[in-house]
Amino acid sequence: MMEYIVKPLLSWYDGHARVLPWREEISPYRVWVSEIMLQQTRVEAVKPYFERFVKALPDVHALAECPEDELLKLWEGLGYYNRVRNMQKAARVIVDKYDGKFPADYKKLLELPGIGHYTAGAVSSIAFGICMPAVDGNVLRVLSRLQASYDDILSQSVKHTFEEELQKIIPEDRAGDFNQALIEIGAIVCVPNGKAKCGECPLGFCCKAKERGIVDELPKKKAKKERRVENRTVLVLREGNRVAIRKRPEKGLLAGLYELPNLEGTLSDEEVLLRLRERGFSPIRILPLAPAKHIFSHVEWRMTGYAVSLEESEDMDKDGLFFIDARETEEKYPIPAAFAAYARYMDIVLGQEKYEEGRKDV
Ligand code: ADE
């Protein structure tokens with residue numbers, strides 16, 4: 001029913017597609033890595049992660065064999081760390097079952113760990129030219145507006161309906177470009193938050209939301225459950241030049257990553273000193289640090305922090321804590337961005353901040 005969007009969409013894409021590293025040299029591996037990263041954060045933020053990741057791990061074999069800490073370090077700051085763990089599981093299946101080559105088959109891709117309809121559609125269409133849709137948040141926004149649909153775009157059935165409609169019109173010779181063009185329109189023209197550039201849109205001629213003046217009302221998303229709030233007290237524990245970190249449990253939030261020691265609740269300096277003494281440490285000085293907040297998908301951490309200097313004792317590494325040189329942490333141990341505000345007091349920089357403009361590695 002929407003065949004009339006195909007030609008104007010592709011002509012527009014030919015003139016407006018952004019130059020992006022994963023579009024320069026296309027392989028199933030590179031498409032896959034970029035698409036998973038793009039599910040986490042903005043295109044601009046993905047670029048340096050992508051370059052670094054494919055340089056360190058240029059193919060599925062390298063990914064399949066990468067030690068976990070190294071892998072998590074490459075992902076540090078992107079969030080949803082299970083995604084990269086699943087990528088490694090998928091890489092191992094591709095090596096074991098498909099001789100290291102991505103199957104050029106939508107259904108087989110869908111069976112791989114961490115690959116859902118969107119990613120399977122993106123890899124099959126962009127890397128293999130298979131006519132399957134790739135419907136992400138961008139595409140849902142564009143289609144809701146084109147059709148002036150008030151349906152809840154978080155509903156699976158709405159997404160499925162859009163997928164079925166697209167499937168009928170994907171052009172055989174340009175499946176990947178078609179999907180990317182829709183994503184691109186959503187990313188740079190049909191943008192959210194009252195900033196849609198309808199004057200530049202090649203699909204304005206058939207956009208029902210534009211016609212009815214309701215572009216900014218769409219798309220509709222049913223309100224999500226509220227996030228749980230957790231208070232935590234984060235400690236920058238120093239002994240000489242060394243600071244304490246520990247590994248998080250293998251299950252649950254931020255599984256298997258490293259963290260600064262932290263305690264449940266908002267504790268006073270007296271309470272922190274007491275807890276440390278109970279564990280056999282000898283604190284010399286304590287300094288309150290600014291509060292910080294980190295938002296995960298289901299939880300929000302409200303953190304308060306203290307920098308504590310400890311006297312050296314024989315048995316420093318206990319309770320799962322170990323003391324290491326701060327530089328070593330920056331290079332080797334993946335620490336989630338939730339701790340970035342406090343990691344700064346160790347003079348280390350984590351995740352996305354590493355790539356911010358003006359930063360110099362010395
Ligand atoms: N967002 C999701 N997939 C993308 C792609 N292939 N190019 C640009 N932005 C994207």
Side-chain angles (χ1 to χ4, degrees), residues 5-6 9-54 75 77-80 83-84 86-87 90 102 104 106 109-110 112 114-146 153-154 159 162-163 166-167 169-171 173-193 195-197 200-203 219 221 297 352 355:
I5 72 168
V6 177
L9 186 62
L10 287 171
S11 324
W12 174 85
Y13 188 66
D14 288 338
H16 294 84
R18 286 169 295 178
V19 176
L20 299 171
W22 47 92
R23 291 184 182 162
E24 296 287 276
E25 181 196 327
I26 295 175
S27 73
Y29 179 71
R30 290 169 63 90
V31 171
W32 175 51
V33 171
S34 64
E35 291 298 345
I36 301 287
M37 288 185 174
L38 287 160
Q39 287 164 38
Q40 325 263 138
T41 185
R42 298 165 298 116
V43 164
E44 282 312 309
V46 164
K47 283 184 192 172
Y49 276 96
F50 176 80
E51 305 271 21
R52 198 173 53 132
F53 194 96
V54 295
W75 208 259
L78 277 175
Y80 296 95
R83 288 199 176 148
V84 72
N86 277 333
M87 286 177 72
F102 272 77
Y106 178 83
L109 288 169
L110 199 54
L112 293 168
I115 297 198
H117 290 272
Y118 170 75
T119 311
V123 174
S124 354
S125 63
I126 302 170
F128 296 117
I130 296 170
C131 288
M132 288 303 286
V135 175
D136 71 349
N138 290 306
V139 177
L140 287 167
R141 184 168 57 254
V142 174
L143 295 181
S144 299
R145 288 175 173 170
L146 281 179
I153 57 160
L154 297 179
K159 186 172 166 206
F162 282 142
E163 284 169 345
L166 287 176
Q167 172 110 53
I169 61 167
I170 300 177
D173 55 337
R174 296 192 66 184
D177 285 348
F178 176 81
N179 283 336
Q180 291 202 85
L182 270 180
I183 293 170
E184 199 79 344
I185 290 263
I188 63 183
V189 178
C190 195
V191 291
N193 306 326
K195 300 207 175 94
K197 301 179 181 121
E200 296 169 25
C201 185
L203 304 180
K221 293 183 197 177
S297 52
Q352 304 209 5
Y355 305 117

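In each ligand, atom 1 is the first atom listed, and ligand 1 is the first ligand listed. Sequential numbering from 1 along the given sequence is applied to the chain's residues.
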Atoms of ligand 1 close to Ile183 [distance to a heavy atom under 4.0 angstrom, numbered from 1]: 1 (N), 2 (C), 3 (N), 4 (C), 9 (N), 10 (C)

Ligand 1 versus Asp136: contacting region, heavy-atom distance under 4.0 Å: side chain

Sidechain-backbone polar pair: Asn179 side chain, Ile170 backbone, donor-acceptor under 3.5 Å: no

Test item: Phe162 and Val139 side chains (from C-beta on) under 4.5 Å apart, heavy atoms: no

Contact check: Gln180 vs ligand 1, nitrogen or oxygen atoms, below 3.5 angstrom: yes

Intermediate values then yes/no, side-chain hydrogen bond (donor to acceptor under 3.5 Å, both in side chains), Asn86 and Arg83: CA-CA 5 Å; Asn86 277 333; Arg83 288 199 176 148; over 6 Å; no

Criterion side-chain hydrogen bond (donor to acceptor under 3.5 Å, both in side chains) against Tyr118, the qualifying member of Lys159, Glu35, Glu163: Glu35

Heavy-atom donor-acceptor pair, Asp136 side chain to Asn138 backbone, under 3.5 Å: yes

Any N/O pair Arg23/ligand 1 closer than 3.5 Å: yes

Residues forming a side chain to side chain contact (heavy atoms under 4.5 Å, CB included) with Met37, sequence neighbours excluded: Val33, Val46, Tyr49, Phe50, Phe53, Trp75, Leu78

Shortest protein heavy-atom distance from atom 2 (C) of ligand 1, along with the residue and atom involved: Tyr118 OH, 3.2 Å

Protein contact to atom 3 (N) of ligand 1 [nearest heavy atom, distance to 0.1 Å]: Glu35 OE1, 2.8 Å

Nearest-neighbour protein heavy atom for atom 4 (C) of ligand 1, which is reported as residue plus atom name and distance: Leu38 CD1, 3.3 Å

Numbering as shown, the atoms of ligand 1 that approach Trp22 to under 4.0 Å (heavy-atom distance): 5 (C), 6 (N), 7 (N)

Atom indices of ligand 1 within 4.0 angstrom of Val43 heavy atoms, with elements: 9 (N)

Heavy atoms from other residues, nucleotides or ligands near OH of Tyr80 exceed 12 (cutoff 6.0 Å): no

